[in-house]
Chemist: 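Take a look at this one; I'll ask things after.
We name chains A, B, ... by the order of the sequence lines, and we start the count at 1 in each one. Just so you know, these numbers come straight off a predicted model, no measurement behind them.
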Amino acid sequence: MPELPEVECVRRSLERLARGARIVGVDVQRADVIARASVDAPAGRARSRRGAGPQARIPHAELLVGYTVKSVLRRGKQLAIVGEDAHARRCVLMAHLGMTGHFIHAPRDKALPDSDHVHVVWRLARPSSAERWTHRLAFRDPRRFGGLTTFPSVAALEEHWSQIGPDALAVGPDDLASAASGSRRAIKAVLLDQRAVAGVGNIYADEALFDGGIDPRTPASALNDAALERLSASIRRVLADAVAAGGSTIRSYSDADGTRGTAQHAHRVYGRAGAPCIRCSGPLASARVGQRATVWCPTCQPRLTARGKIRPGRLST
DNA sequence: CTGGTCTCCTGATCGC
DNA sequence: TGCGATCAGGAGACCA
């Protein structure tokens, strides 16, 4: 399940594989994974029901046919492929992977895996090749919680991205403070809210809260400056470590190269309900917090004291 | 406005 | 061995 580290690894693999290539053709198997592009098309793809609503008629420019891949950007969990045409006009294809979205890459002499749920296939040509395509890129998403959105310019993409919070790899205590102050939501719910911080999902929310020694159910507004400072550092550290490990492969995640991650071996609480805490050996607790399965250590992630302060965390590494 | 719940979707897993 | 029930979750829609 792609969160920031996994999406960052996909971004790097896409940039490696597709940068400089021209997109010479596209095959759309399922048009409803693509949101209709428009300048004011806001957050996410339109969720028109299958078969309903104006779908389909997708101008080629929006799928980047005829464009050369200039770069691949990321903000939080969202990816954006920036294309440029012969007149230096730019166009953007944004992808969010949802639960099961991923890209598959294959050179011409190698078939794409014969699998269901491949929704879009692009044909790419390396600069040295004329019009003949040399490799293909596919977007596959069995569960279809992900999707593709196009933007007519980089400015339009940035306008869209201005609606989500700062990228979690660079989140600071002030960012958390502005989202947390006056909020009675559980701190975990705040971390999952992409408008507050972009890129944290269920796995790394639990991991960061453990790292910071904070009970996930703590009302956000109850966190003092020290706790916010510690939590923002924990978020950055946990995510950066996971990026370095190639992301977490829980079920089937891999980057566009098919490379899997190993960060799942470093999870300290996620998926370990009832197992001994790696610090204190006590059993990890679990509950639903913010509609998500949540695991934490009741000892190392203490509840608030009577004075509304968090007891000092002892997790400094 | 805020915060909680529902919903979309398929594959993996579990109990019988 | 088969099969229905359950769970997983990102994020928009919806509601109190």
Side-chain angles (χ1 to χ4, degrees), chain A residues 1-8 10 29-36 40-53 55 74-80 94-102 113 115-120 139-149 160-161 163-165 167-168 178-209 216-222 239 242 247-254 264 267 269-274 286-295:
Chain A
M1 39 208 83
E3 299 181 27
L4 186 150
E6 293 74 37
V7 177
E8 173 61 17
V10 172
Q29 311 289 338
R30 273 200 81 110
D32 66 359
V33 303
I34 302 167
R36 288 180 309 141
D40 47 34
R45 76 188 159 104
R47 263 204 181 273
S48 44
R49 286 297 87 233
R50 195 183 335 202
Q55 267 329 319
R74 182 191 58 76
R75 169 94 168 244
K77 304 173 193 172
Q78 303 184 2
L79 274 175
M94 194 190 82
H96 58 89
L97 303 178
M99 282 291 294
T100 55
H102 57 151
S115 47
D116 293 335
H117 314 300
V118 171
H119 306 311
V120 180
F139 176 68
R140 178 171 185 267
D141 184 14
R143 210 165 294 182
R144 276 183 279 142
F145 280 15
L148 306 171
T149 310
H160 168 68
W161 277 357
Q163 295 167 33
I164 59 178
D167 191 75
S178 60
S181 71
S183 173
R184 282 179 300 278
R185 301 157 87 190
I187 183 62
K188 178 172 179 181
V190 172
L191 296 187
L192 293 176
D193 184 344
Q194 301 301 296
R195 292 166 303 184
V197 194
V200 179
N202 199 43
I203 295 174
Y204 297 107
D206 279 9
E207 294 299 319
L209 287 161
R217 302 165 299 177
T218 307
S221 59
L239 293 176
S248 298
T249 297
I250 300 293
R251 284 184 183 80
S252 59
Y253 158 79
S254 65
Q264 67 277 12
H267 294 169
V269 286
Y270 179 83
R272 298 191 63 241
S286 64
R288 286 190 86 78
V289 179
Q291 335 307 126
R292 295 286 173 266
T294 300
V295 183

Chemist: Can you check the Leu191(A) CG to dG9(C) P distance for me, whole Å?
Modeler: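 After rounding, the reported distance stands at 15 Å.
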
Chemist: How long is the gap from NE2 on His267(A) to CG on Asp206(A), to the nearest 0.5 Å?
Modeler: 10.0 Å

Chemist: Distance-only, no hydrogens or angles: does the Asn202(A) side chain make a donor-acceptor pair with backbone N or O of Ala293(A) under 3.5 Å?
Modeler: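 Yes, Asn202(A) side chain to Ala293(A) backbone: donor-acceptor pair under 3.5 Å.
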
Chemist: Rounding to a whole Å, what distance do you find between His96(A):NE2 and dA11(C):C1'?
Modeler: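 Between C1' of dA11(C) and NE2 of His96(A): 8 Å.
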
Chemist: Determine the contact category for Arg185(A): base if any of its heavy atoms lies under 4.0 Å from a base atom, sugar-phosphate if only primed atoms, P, OP1 or OP2 are that close, otherwise nothing.
Modeler: sugar-phosphate

Chemist: Between Arg195(A) (CZ) and dG10(C) (C1'), how many Å, whole number?
Modeler: 13 Å

Chemist: For the pair made of CD1 in Ile203(A) and P in dA8(C), what is the distance, rounded to whole Å?
Modeler: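 So the CD1-P distance, Ile203(A) to dA8(C), works out to 13 Å.
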
Chemist: Quick check: closest heavy atoms across Asp141(A) and Gly101(A), and the distance to 0.1 Å?
Modeler: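 Of all heavy-atom pairs spanning Asp141(A) and Gly101(A), the closest is OD1-N, 3.2 Å.
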
Chemist: Base, sugar-phosphate or nothing for Arg288(A)? Non-hydrogen atoms, less than 4.0 Å.
Modeler: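 If one applies the 4.0 Å heavy-atom cut-off, Arg288(A) turns out to touch the sugar-phosphate alone, with no base involved.
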
Chemist: If you look at every heavy atom in Val295(A) and Gly271(A), which pair is closest and at what distance?
Modeler: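 Nearest pair, atom of Val295(A) first, then Gly271(A): CG2-N, 4.3 Å.
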
Chemist: Does the side chain of Tyr270(A) get closer than 4.0 angstrom to OP1 or OP2 of dA8(C) through an N or O atom?
Modeler: no

Chemist: For a quick test of reading the model: is some side-chain N or O of His117(A) closer than 4.0 Å to OP1 or OP2 of dC9(B)?
Modeler: no

Chemist: Base, sugar-phosphate, or nothing: which does Ala189(A) touch, judged by heavy atoms less than 4.0 Å apart?
Modeler: nothing

Chemist: Nearest-Å distance, NZ (Lys77(A)) to C1' (dA11(C))?
Modeler: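 Atom-to-atom, Lys77(A) to dA11(C), this comes out as 8 Å.
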
Chemist: Is Ser183(A) near enough to dG3(B) that one of its side-chain N or O atoms lies under 4.0 angstrom from OP1 or OP2?
Modeler: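 So the side chain of Ser183(A) is within the cut-off, an N or O lying under 4.0 Å from OP1 or OP2 of dG3(B).
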
Chemist: With a 3.5 Å cut-off and heavy atoms only, can you find an N or O donor on one side and an acceptor on the other between the side chain of Arg143(A) and the base of dA12(B)?
Modeler: no

Chemist: Whole angstrom is fine here: how far is it from CD in Gln291(A) over to P in dA8(C)?
Modeler: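 My rounded result for the distance is 13 Å.
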
Chemist: Establish whether the base of dG10(C) is bridged to the side chain of Arg144(A) by a donor-acceptor pair shorter than 3.5 Å.
Modeler: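 Checked by distance alone, the answer is no.
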
